[in-house]
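See structure below.
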Amino acid sequence: MSKSRFPWSSAESERKSAHDSGIWRTGPIWMASDRKLARFVGRPVAAFLRVEASGGILLLAAALIALFWANSAWAESYEAFWHTEFSVQFGTFELSEDLRHWVNDALMAIFFFVVGLEIKYEMAAGELRDPKAAAVPIFAAFGGMVVPAAIYFAFTMGTEGEAGWGIPMATDIAFALGVLAVLDKRIPSAARVFLLTLAIVDDIGAITVIAIFYTDELSVPWLGIAALAILVILALRRVQVWSAYVYVLLGIFVWLATYQSGVHATIAGVILGLLTPAKPLLDQEQARSYAKNSMPEQLGPDELRRYRFLLGESVSIAERLERSLHPWSSYVVLPIFALANAGIDLRGGVLGDALGSPVTLGVAAGLVIGKAVGVTLTSWIAVRFGWGRLPVGASWLTIVGLAMVAGIGFTVSLFITGLAFGDGTLLSNDAKVGVLGGSIIAAALGALFLVFAHKRQPVVIGPRPVESGNQRVESEDQA
């Protein structure tokens with residue numbers, strides 16, 4: 001996670017310098033003040049949220065709370081709460097779902113929108129821009145999807161659990177990067193970029209699987225309306241309509257039409273993310289030079305609006321939206337999703353029955369064994385035939401460790417579980433036990449293996465890449 005650009009996120013010495021510089025007319029804002037609540041709560045919380053592992057920590061905490069709630073004396077209230085109906089009505093049109101479906105269908109669209117933005121950035125200016133540099137993680141992602149699905153299918157072939165073959169395909173970005181953040185300097189920065197690229201390509205695969213294989217009924221008229229709205233967005237982009245309000249309204253309409261079509265509504269979030277411009281409207285150097293040379297001594301409301309637009313549009317909309325929505329996605333959407341979906345009632349022998357279920361074993365084996373084998377094998381093939389190179393500073397032991405970490409499949413795996421088996425069914429509970437158990441095992445084995453690889457002094461292979469994940473962070477901060 002990159003450094004925050006807000007004033008209260010700077011170091012204490014910088015905060016005092018700003019406080020004493022006379023820049024504030026009536027004193028600093030609350031978060032930059034010397035108030036006890038700001039000093040001992042506000043700024044420590046802000047510092048925690050800047051730690052790369054914080055998103056995974058909150059996600060894990062939400063999952064543990066859900067498990068405790070679902071197995072406590074208040075277990076009935078857990079299901080009762082998430083089955084509470086909530087309706088939205090526009091005239092004669094009414095949309096009614098329980099809270100869990102609102103989380104999975106609507107709130108998760110924000111998460112997938114951010115995923116779409118990340119994919120768009122990587123395609124325009126990141127690792128996916130250079131096919132040669134991205135070849136190994138792309139091949140690794142492909143193997144990390146196919147092998148786990150095949151292992152799951154081998155466990156469940158001929159049973160009613162076959163439909164869940166997509167569950168062990170996904171890698172959870174938040175948890176996986178959180179594990180690497182905990183290991184800190186033991187992991188080469190290029191290896192972090194490798195895992196991030198793998199996870200992003202993995203997301204593309206998971207999104208494709210959801211769109212094609214987990215759509216039950218398809219309404220062609222509504223799908224046509226959604227497609228028409230997307231064409232309108234493309235046409236407005238073409239003629240340089242730049243009002244965010246217009247695109248927000250159209251985006252909501254695309255989500256609604258996609259939802260009504262039968263295709264899972266979160267796909268709309270990905271599509272909208274991919275449609276977001278990843279190149280700035282204005283040349284950054286020229287825009288800042290113009291602003292510096294033409295800015296009057298006193299700014300009125302009109303001039304302020306003009307210069308905010310001038311400077312703001314020198315940074316792409318995709319980068320700005322990803323930067324502003326990423327905290328909401330990581331610290332609000334995903335924890336709420338985990339709270340709504342990770343609560344499994346393990347009482348009454350449910351856990352024992354699940355451990356003998358082919359669905360549970362298939363999911364866990366797919367995540368722990370399938371990911372490790374699939375990612376490592378296809379990475380070796382890509383390097384062996386000269387299609388790509390290993391990350392700088394990484395040995396094959398590092399790749400094996402990263403492949404194990406890629407077996408953390410929490411968020412999207414739970415998401416596909418709900419699509420494959422529904423909510424609260426026996427198969428759904430078995431799959432969730434497999435997801436939780438497999439992800440924990442994969443995280444532990446991956447972390448231990450990466451520590452072992454670090455002690456064995458990884459071998460540097462290939463030239464140093466031009467851009468690393470840290471450089472991207474620095475460029476974002478400068479922007």
Heavy-atom pair with the smallest gap, counting every atom of [X] and [Y]:
X      : Y      : result
Val201 : Met145 : O-CE, 4.5 Å
Ala447 : Val179 : CB-CG1, 4.1 Å
Leu274 : Gly116 : CD2-O, 3.7 Å
Asp283 : Gln286 : OD2-N, 2.9 Å
Leu59  : Pro335 : CD1-N, 4.0 Å
Ala66  : Leu339 : CB-O, 3.5 Å

Under 3.5 Å, which donor-acceptor pairs link side chains of residues 169-177 to any protein atom two or more places apart or in another chain?
residue: Thr171; atom: OG1; partner: Lys371; partner atom: NZ; Å: 3.2
residue: Thr171; atom: OG1; partner: Ala406; partner atom: O; Å: 2.8
residue: Asp172; atom: OD1; partner: Ala174; partner atom: N; Å: 3.1
residue: Asp172; atom: OD1; partner: Phe175; partner atom: N; Å: 2.9
residue: Asp172; atom: OD2; partner: Thr411; partner atom: N; Å: 2.8
residue: Asp172; atom: OD2; partner: Thr411; partner atom: OG1; Å: 2.3

Between atom [atom1] of [X] and atom [atom2] of [Y], what is the distance when rounded to the nearest 0.5 Å?
X      : Y      : atom1 : atom2 : answer
Ile230 : Ile271 : CD1   : CD1   : 4.5 Å
Phe415 : Thr266 : CZ    : OG1   : 3.5 Å
Leu195 : Ile399 : CG    : CD1   : 9.5 Å
Ser243 : Leu249 : OG    : CG    : 8.5 Å
Phe410 : Phe337 : CZ    : CZ    : 7.5 Å
Leu390 : Trp380 : CG    : CH2   : 12.5 Å

Within a strict 4.5 Å, meaning less than it, do heavy atoms of the [X] and [Y] side chains meet?
X      : Y      : value
Leu281 : Trp242 : yes
Leu256 : Phe93  : yes
Leu304 : Pro301 : no
Glu322 : Thr276 : no
Leu402 : Val375 : no
Leu236 : Tyr247 : yes
Leu450 : Met404 : no
Ile233 : Leu272 : yes

Greater than 12 external heavy atoms within 6.0 Å of Phe142's CZ: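 No, not enclosed.
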Please check this pair: side chain of [X] against backbone of [Y], looking for a donor-acceptor N/O pair closer than 3.5 Å.
X      : Y      : result
Tyr290 : Leu310 : no
Ser261 : Thr258 : yes
Trp222 : Tyr259 : no

Worked check of side-chain contact (heavy atoms from CB on, under 4.5 Å) between Trp102 and Leu95: CA-CA 10 Å; Trp102 277 110; Leu95 192 60; 3.7 Å; yes
Val405 and Phe449: CA distance, side-chain angles, deciding distance, side-chain contact (heavy atoms from CB on, under 4.5 Å) verdict: CA-CA 9 Å; Val405 173; Phe449 206 91; over 6 Å; no
